[in-house]
Structures are given as structure tokens and as C-alpha cells.
Asks: 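Mind having a look at this structure? Questions to follow.
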Amino acid sequence: MKPRQRTMTPSSRRRAAAPSTRRRMLVVTGVLTLASLGLVARAFDLQVVRKEFYQNQGDARFLREVPIAVSRGTVFDRNGEPLAVSTPVVSIWANPAEVLDNEDKLPQLAAAIGMDADALKQYLAQRSEREFVYLKRQMSPDAAQAVLDLGVPGVNGQREFRRFYPSGPVTAHVLGFTNIDDHGQEGLELAFDDWLAGKPGAKRVIRDRMGHIVEDVELVRAPQPGRDITLSIDRRIQFLAYNELKNTIEQADADSGSMVIVDVRNGEILAMVNWPTYNPNALRGSSPSSRRNRAMTDVVEPGSTMKPFVMAAALSSGKYTPTGPMVDTGNGHFFYLTHDIRDTHAYGLLSPTGILAKSSNIGAAKVAITLDTGLLYDTFRAFGFGNSTNSGFPGEASGYLKPGRGWGQLEKAIMAYGYGLNVTPLQLANGYATIADGGVMHLPTFVKGSDNEAKQIIDPKIAGELVQMLEAVTQPGGTAAPYAWIANYAVAGKTGTAHKATAGGYSKNNYSAAFAGIVPASAPRMAAVVVIDNPRKGSYYGGLVSAPVFAKVMDGALRLMDVPPDNIGRWYVGGPLQGQNGLTGNKQPAVEAVDDAPVEEATP
């Protein structure tokens with residue numbers, strides 16, 4: 001018997017399919033629920049758990065911290081004239097990868113920044129892993145805008161400042177210069193870098209994919225602009241000194257020269273010039289030797305300009321006065337300890353004042369021999385020889401002074417006319433300024449109105465006597481007359497002509513010509529030193545080469561500083577001399593200036 005087959009009706013088929021549909025719905029719902037939970041969990045992970053990580057990743061692509069450039073402080077001269085200023089410039093930078101993606105624009109970009117297109121492409125390719133490279137530093141704003149207007153992707157500008165020196169080479173050695181990042185490298189720019197530089201600020205910005213800033217987010221660090229500084233330098237006197245020194249060096253075919261002018265009342269440096277020099281606005285091509293501030297870093301043997309300091313010790317000892325005792329200089333030769341000390345003329349008996357006026361090496365040596373070694377050494381040290389002046393100028397030399405315990409009698413004699421020790425022009429000028437200010441030494445300073453240290457080092461009476469003795473040097477018969485004369489002003493000073501040291505001794509034909517002076521002698525206001533290195537044409541004597549520079553510069557400086565002329569009535573005693581510029585204060589021209597140091601006496 002065959003089993004009976006059941007035939008399913010449509011309704012029964014629907015009843016059978018119903019559970020399967022419900023299962024599918026449950027599965028779909030479950031999947032959607034799980035997906036929703038996953039999305040919620042992922043959102044929680046992104047926005048809560050790992051929010052900082054992803055925020056940093058996003059910021060790294062669009063948020064940047066950029067510097068806020070600050071202007072370096074302005075340097076003014078004592079009268080408020082700018083000597084160093086900062087001007088706004090723009091530096092062009094790029095993202096190499098982005099620029100290389102637009103290679104068709106490289107020729108235009110290269111032409112705008114003054115580069116060869118192939119060289120620019122190679123430069124970018126070698127730095128393609130970086131995101132920031134400079135293409136051109138410190139362009140003028142107009143030129144930089146022309147580059148940016150090209151619209152090259154990845155090319156942007158950054159605002160900066162560039163230093164500019166209105167006086168160019170005239171003040172170069174004093175001011176120094178800054179590097180491309182506006183940091184002081186030499187001179188007062190280096191000495192006062194912390195004061196002048198200020199502190200750049202910083203801000204966070206959002207950049208688009210082209211590198212353009214689309215939004216300032218926050219100020220990270222407020223910028224602090226550099227502070228201004230007013231120097232003691234008088235730009236007008238600086239120009240006078242520069243021009244006269246340059247002209248004299250060129251006419252004399254000398255190697256170099258320096259001049260320093262100091263206000264004797266406070267130690268403020270009114271002018272300091274050197275030649276050769278350089279232009280700090282265009283450093284390329286300048287040599288290290290031309291950038292050296294020789295008045296501070298170079299030392300010279302002072303020659304006869306050292307004699308007033310010997311006389312300071314002599315007067316302090318009580319053994320001597322300006323008029324006596326008389327010193328026998330003989331016939332121009334003094335054989336001492338197998339050494340021939342010489343004068344160029346036979347002066348016979350000379351007073352201490354006469355020794356300075358005639359610049360007698362024999363007289364100075366004989367005076368020094370009679371003085372206690374300790375007193376002479378202490379006097380030299382008191383005037384600052386062998387020590388830095390503490391002016392704060394970078395690289396200032398200390399000079400050289402042998403310790404007194406090692407001095408023999410012959411060394412004392414030779415140092416009396418300026419050999420065996422080294423000084424800088426600034427040290428020498430400060431020494432004369434100390435004599436001029438009644439024996440009070442001020443620390444030299446380049447800052448106007450600075451409260452610098454002052455110290456009494458010799459008796460004011462002795463200092464006054466020294467000024468009067470030095471005035472005889474510029475009067476008839478003195479080694480600086482008539483070349484140091486200044487109309488209507490009394491001048492006190494000292495010439496110096498030193499043979500230059502060479503390997504194994506002293507050169508017979510190379511000299512250092514110097515003049516150190518004080519004006520006006522009746523009421524000192526300024527002291528100055530002029531040093532000319534190795535004059536080849538014409539004379540080489542300090543009285544003939546350097547004294548005229550002193551007279552021309554100080555003639556102008558006295559008027560610029562409003563220093564009243566001496567009592568005109570004094571010039572009529574014995575009859576005044578009327579020169580081209582008025583009364584000179586002397587009766588008659590002097591004979592040719594005296595050679596201060598014959599070569600035979602230079603070497604012990």
C-alpha cells in the first residue's frame with residue numbers, strides 16, 4: 001500500500017516561511033545594532049580616548065607655530081642722530097616638494113629671485129624631504145611681493161629686519177655689524193647684543209595646503225622689541241676725524257692709522273676712527289684686517305708720548321719740579337750700561353719741562369734712572385698701562401707692561417722714552433685725559449651719560465703742572481710747533497716717533513708716528529691721540545705727520561662742542577701771530593720737529 005502524499009497549500013507555505021523571515025530580520029537588526037555600537041565605540045575612541053593624538057596629527061598638517069620678528073633697537077649718537085637702524089625686509093621660503101610638483105613655474109621663480117633655473121631645481125631636489133627652505137633672504141618688500149605674486153605653490157614670504165648703517169665706513173669699527181639673523185657679530189653691536197636684539201615672539205596659525213596663513217589661532221609668546229641706546233660718539237666729530245685721518249694716510253702712503261678723542265670730564269669717547277676701514281652695509285669683499293678696530297685691538301710702542309708719565313712719577317717723588325733740577329743731556333750721546341742713548345741735537349742742560357719740549361731721550365732716561373723702580377712701575381700701572389681699560393668693547397687688548405720686579409736700570413731708561421712696553425691708542429688717550437682732568441681717571445665709555453667709575457690717581461697739583469709742561473711742546477722750540485697750533489686755543493701735547501719692532505730688533509726705516517694732545521690747555525675738555533703706522537712719503541715724525549691731524553680735527557671739535565676760546569688777551573703778551581684761521585697763540589714758527597727716537601737707542 002503506497003503512503004499518501006500531503007499536498008501543501010499556499011497558506012501552509014506562508015506559515016512555514018514566516019520563521020525564516022523573522023530570523024532574517026533579527027539578523028539584520030543585530031548587524032545594524034552591532035555596526036551602530038561599533039561606530040559609537042569608534043567615535044568614542046576618536047573623540048575621547050585618542051582625541052589628543054589625532055588632534056596633534058591634524059595640527060601637524062595645518063597648525064604651525066611661526067615666529068614674530070622684532071626690530072633691533074636703534075643706535076643713536078650723542079645728539080640723537082641714528083647710527084644703526086633696522087629696516088623691514090622679506091625672506092622668501094618654500095616647501096621643496098610642492099614647488100617641484102609645479103616644475104613648469106620654476107623658470108619664472110628662478111628669474112624673480114636671481115637664480116639659474118637648473119640650479120634652483122637641483123637646490124630644491126636635494127632638500128625635497130624638508131618642508132622649509134630659504135630661497136632668498138632679506139629682499140626688499142616690493143621685490144619679495146613680486147615673487148609672491150607669481151603664485152607658485154609652496155612659495156611664501158617671512159617678515160624680517162635688516163640692519164642699516166647710515167654713516168657706512170665712518171662708524172664701522174665702533175658699531176661693528178650683525179649677521180643675516182640680526183645678531184651682533186663685532187663692535188658695539190656684539191657688546192650690547194642682549195640689549196639691542198629684543199626677543200622674537202611666536203604665534204600659532206592655520207595654513208592651507210598652499211602654505212598660506214588663513215587664521216591666527218593664538219599668541220604663544222609676545223614679542224619684545226629691542227631697546228635703543230645712545231652712544232657718546234658725536235657723528236660730526238667722527239666724520240672730521242675720519243676724513244683727516246684718511247687723507248693723511250693716503251698722502252703719507254702709510255699702512256694704517258687710528259684716532260681717539262675722549263671727553264676728559266667723564267671718559268666718554270667722542271670719536272674713534274681707523275683706516276683702512278670697510279662698509280658694514282656691504283660686507284662681502286672686506287678683509288678681516290680692514291674690520292679690525294685698531295684703536296682697541298692693536299698695540300704700539302708709544303715712543304716719546306710716554307715721557308709725561310715718567311714726569312708724573314718724577315714730580316710725585318718730590319725730587320723734581322717743572323723747572324728743576326736741571327738735567328745735563330750733554331752732546332746728544334749718553335753711554336749707559338754699554339748702550340748709546342741718543343738725542344738728535346745736543347741740548348745741554350734741560351729742565352723737566354725742557355725735556356718734554358725738546359723730547360730729549362737722554363733727559364727722560366736720566367730722570368727715570370733716579371726714580372724708585374716701584375714708584376715708576378706703580379705710576380705706569382695707575383695710568384692703566386698693562387691693563388684693559390674695561391670699556392666693554394669686544395676684543396680690547398690689554399697692552400703689555402713687564403712686572404716692575406723684573407726691571408733693570410737699563411730697562412727703566414729705555415721705557416722712559418717709550419720702548420719695552422705696548423699700549424693701545426685708547427689707553428694712551430685715556431692716560432692723557434687723566435692728566436687733563438686733574439689726575440682723575442675715568443673708565444672710558446661708549447655710552448652717553450653712563451655712571452662710570454672715577455679714581456684720583458695723582459695729585460691734582462701735579463696734573464696741572466704736567467698740562468703746563470706739555471703746553472711747552474706746542475710753543476716755539478717745541479717738537480709739535482707750529483703743526484699742533486689751534487687758533488684761539490692753547491694746546492698741550494706730546495709727539496712720539498717710534499721705530500717699529502721687527503724680528504730680531506727694530507726696523508731702521510719703518511716708524512710709528514704719534515701725537516697725544518689736550519685742548520684747551522687752559523681748561524681741558526678733550527684729549528686725543530693720533531697714531532699713523534709706517535708713513536713712507538715725506539716725513540715720519542709724529543710732530544710733522546700726526547700733529548696736523550690732531551690740530552685740524554680738534555679745531556672743528558672745539559667749536560662743535562661749544563668750547564669757548566681762551567682769553568684772547570693772553571695772546572697779546574709779546575704780540576700774537578695771525579694765521580689763516582686767526583690768532584694762533586704763538587709768537588713765531590718753530591724749527592723742524594725733532595726726531596724722537598734714533599734707531600740706535602731703540603734696542604737694549
Side-chain angles (χ1 to χ4, degrees), residues 169-177 185-188 190-191 238 241-242 244-246 248-250 252-262 269 271-278 280 286-306 380 383-402 418-433 444 446 496-503 506-507 510-516 527-536 540 542 545-546 549-550 597 602:
V170 176
T171 54
H173 292 114
V174 173
L175 298 177
F177 55 88
Q185 299 299 292
E186 288 187 16
L188 297 183
L190 175 59
Q238 186 85 2
Y242 173 84
E244 289 299 333
L245 185 70
K246 175 179 179 292
T248 297
I249 290 174
E250 290 177 346
D253 191 25
D255 290 339
S256 62
S258 302
M259 184 173 187
V260 181
I261 304 174
V262 179
I269 298 170
M272 178 179 286
V273 296
N274 302 275
W275 183 266
T277 185
Y278 67 100
S286 64
S287 64
S289 62
S290 69
R291 298 195 297 266
R292 195 168 70 242
N293 187 349
R294 299 171 187 272
M296 305 286 289
T297 63
D298 287 17
V299 295
V300 296
E301 288 184 298
S304 293
T305 58
M306 198 68 191
F380 288 176
F383 276 100
F385 301 120
N387 285 328
S388 168
T389 66
N390 294 319
S391 67
F393 194 90
E396 179 182 0
S398 298
Y400 172 75
L401 179 65
K402 184 178 180 179
Y419 289 92
L421 73 162
N422 291 321
V423 302
T424 66
L426 177 61
Q427 284 178 324
L428 196 58
N430 200 49
Y432 277 77
F446 287 95
T497 308
H499 293 268
K500 295 188 63 175
T502 59
Y506 286 84
S507 170
N510 296 324
Y511 302 87
S512 175
F515 183 82
V529 165
V530 180
V531 177
I532 307 294
D533 180 34
N534 195 27
R536 297 182 183 87
Y540 54 82
V545 179
S546 299
V549 178
F550 171 91

Asks: Report the residues that fulfil side-chain hydrogen bond (donor to acceptor under 3.5 Å, both in side chains) with Thr389, sequence neighbours left out, ordered by chain and then residue number.
Replies: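 Thr389 satisfies side-chain hydrogen bond (donor to acceptor under 3.5 Å, both in side chains) with Glu396 only.
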Asks: Determine, for Arg294 against Asp533, whether the closest basic-nitrogen to carboxylate-oxygen distance falls under 4.0 angstrom.
Replies: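 Looking at Asp533 together with Arg294, the answer is no, because their closest N to O distance does not fall below 4.0 Å.
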Asks: If you define the side chain from C-beta out and look only at heavy atoms, does anything of Val423 sit under 4.5 Å from Val299?
Replies: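 Result no, sub-4.5 Å side-chain heavy-atom pair not found.
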Asks: Could you check whether any side-chain N or O of Ser398 sits under 3.5 Å from a backbone N or O of Gly386, counting only pairs where one atom can act as donor and the other as acceptor?
Replies: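 No, because the side chain of Ser398 does not come within donor-acceptor range (under 3.5 Å) of the backbone of Gly386.
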Asks: With sequence neighbours excluded, what pairs up with Asn534 under the side-chain hydrogen bond (donor to acceptor under 3.5 Å, both in side chains) test?
Replies: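 With sequence neighbours excluded, Asn534 shows a side-chain hydrogen bond (donor to acceptor under 3.5 Å, both in side chains) to Asp255, given in chain and number order.
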Asks: Working note: Thr424 + Thr297, criterion side-chain contact (heavy atoms from CB on, under 4.5 Å); need CA distance, chi angles, decisive distance, verdict.
Replies: CA-CA 7 Å; Thr424 66; Thr297 63; over 6 Å; no
Asks: Work out which heavy atom in Phe446 is nearest to a heavy atom in Ile269; give both atom names and the distance.
Replies: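 Residues Phe446 and Ile269, closest heavy atoms: CZ-CD1, 3.5 Å.
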Asks: Testing the basics here: between Ser286 and Arg291, what is the closest heavy-atom pair and its distance to 0.1 Å?
Replies: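 Minimum heavy-atom contact is OG-NH1, 2.8 Å.
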Asks: Side chains of Val260 and Met272: does their closest heavy-atom pair fall under 4.5 Å?
Replies: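 They are in side-chain contact.
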Asks: Step by step, work out the side-chain contact (heavy atoms from CB on, under 4.5 Å) result for Thr171 and Gln238.
Replies: CA-CA 7 Å; Thr171 54; Gln238 186 85 2; 3.8 Å; yes
Asks: Any chance you could measure Gln427, atom CD, to Phe385, atom CZ, to the nearest 0.5 Å?
Replies: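 Answer for the CD-CZ pair, Gln427 versus Phe385, is 7.0 Å.
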Asks: Compare all side-chain heavy atoms of Thr248 with those of Val545 and state whether any distance is below 4.5 angstrom.
Replies: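 Yes, at least one pair of side-chain atoms sits under 4.5 Å.
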Asks: Would you say Val529 and Met259 make side-chain contact, with heavy atoms under 4.5 Å?
Replies: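 The answer is no; the side chains never approach within 4.5 Å.
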Asks: Does Ser546 reach the main-chain N or O of Ala513 with its side chain, forming a donor-acceptor pair under 3.5 Å?
Replies: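 Yes, because the side chain of Ser546 sits within donor-acceptor range (under 3.5 Å) of the backbone of Ala513.
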Asks: Quick one: does Val531's side chain get under 4.5 Å of Ser512's, heavy atoms only?
Replies: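 Val531 vs Ser512: side chains touch.
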Asks: Nearest heavy-atom pair of Gly176 and Pro280: which atoms, and what distance?
Replies: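 For Gly176 versus Pro280, the nearest heavy atoms are O-CB, 4.0 Å.
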Asks: With side chains defined as the heavy atoms from C-beta onward, is the minimum distance between Phe515 and Thr305 less than 4.5 Å?
Replies: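 No; the side chains remain at least 4.5 Å from each other.
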Asks: Please evaluate residues Met296 and His173 with respect to the criterion side-chain contact (heavy atoms from CB on, under 4.5 Å), reporting the C-alpha separation (whole Å), side-chain torsions for both, the decisive distance (0.1 Å), and the verdict.
Replies: CA-CA 10 Å; Met296 305 286 289; His173 292 114; over 6 Å; no
Asks: Given side chains that start at C-beta, do those of Glu244 and Phe550 come closer than 4.5 Å, heavy atoms only?
Replies: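 A side-chain contact is absent here, since even the closest heavy-atom pair is not under 4.5 Å.
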Asks: Does the plane of the ring in His499 sit parallel, tilted or perpendicular to the ring in Tyr511? Use 30° and 60° as the thresholds.
Replies: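 It falls in the tilted class, 30° to 60°.
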Asks: Any idea which heavy atoms bring Ser287 and Ser290 closest together, and the distance?
Replies: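 Heavy atoms only, the tightest pair is O-OG, 2.7 Å.
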Asks: Could you walk me through whether Ile249 and Ile532 pass side-chain contact (heavy atoms from CB on, under 4.5 Å), step by step?
Replies: CA-CA 7 Å; Ile249 290 174; Ile532 307 294; 4.1 Å; yes
Asks: CG/Asn293 to CZ/Phe393 distance, rounded to the nearest 0.5 angstrom?
Replies: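 It comes to 4.0 Å.
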Asks: Where is the tightest heavy-atom contact between Val262 and Ala429, given as atom of each residue plus distance?
Replies: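 Residues Val262 and Ala429, closest heavy atoms: CG2-CB, 4.1 Å.
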Asks: If every non-hydrogen atom of Ala295 is compared with every non-hydrogen atom of Pro425, which pair is closest and at what distance?
Replies: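 Scanning both residues completely, I find the closest heavy atoms to be O-CD, 3.5 Å.
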Asks: For the backbone of Asn274 and the side chain of Thr277, can you confirm whether one donor and one acceptor N or O come within less than 3.5 Å of each other?
Replies: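 Not confirmed, Thr277 side chain does not pair with Asn274 backbone.
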Asks: Just verifying a value: how many Å separate Leu421 CG and Met306 CE, rounded to the nearest 0.5 Å?
Replies: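 Here the interatomic distance stands at 4.5 Å.
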Asks: Ring centres of Tyr419 and Tyr506 under 6.0 Å apart?
Replies: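 Judged by ring-centre distance (under 6.0 Å), Tyr419 and Tyr506 do meet the cut-off.
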Asks: Could you state the interatomic distance from OG (Ser256) to CG (Asp298), rounded to the nearest 0.5 Å?
Replies: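 Ser256 atom OG to Asp298 atom CG measures 7.0 Å (nearest 0.5 Å).
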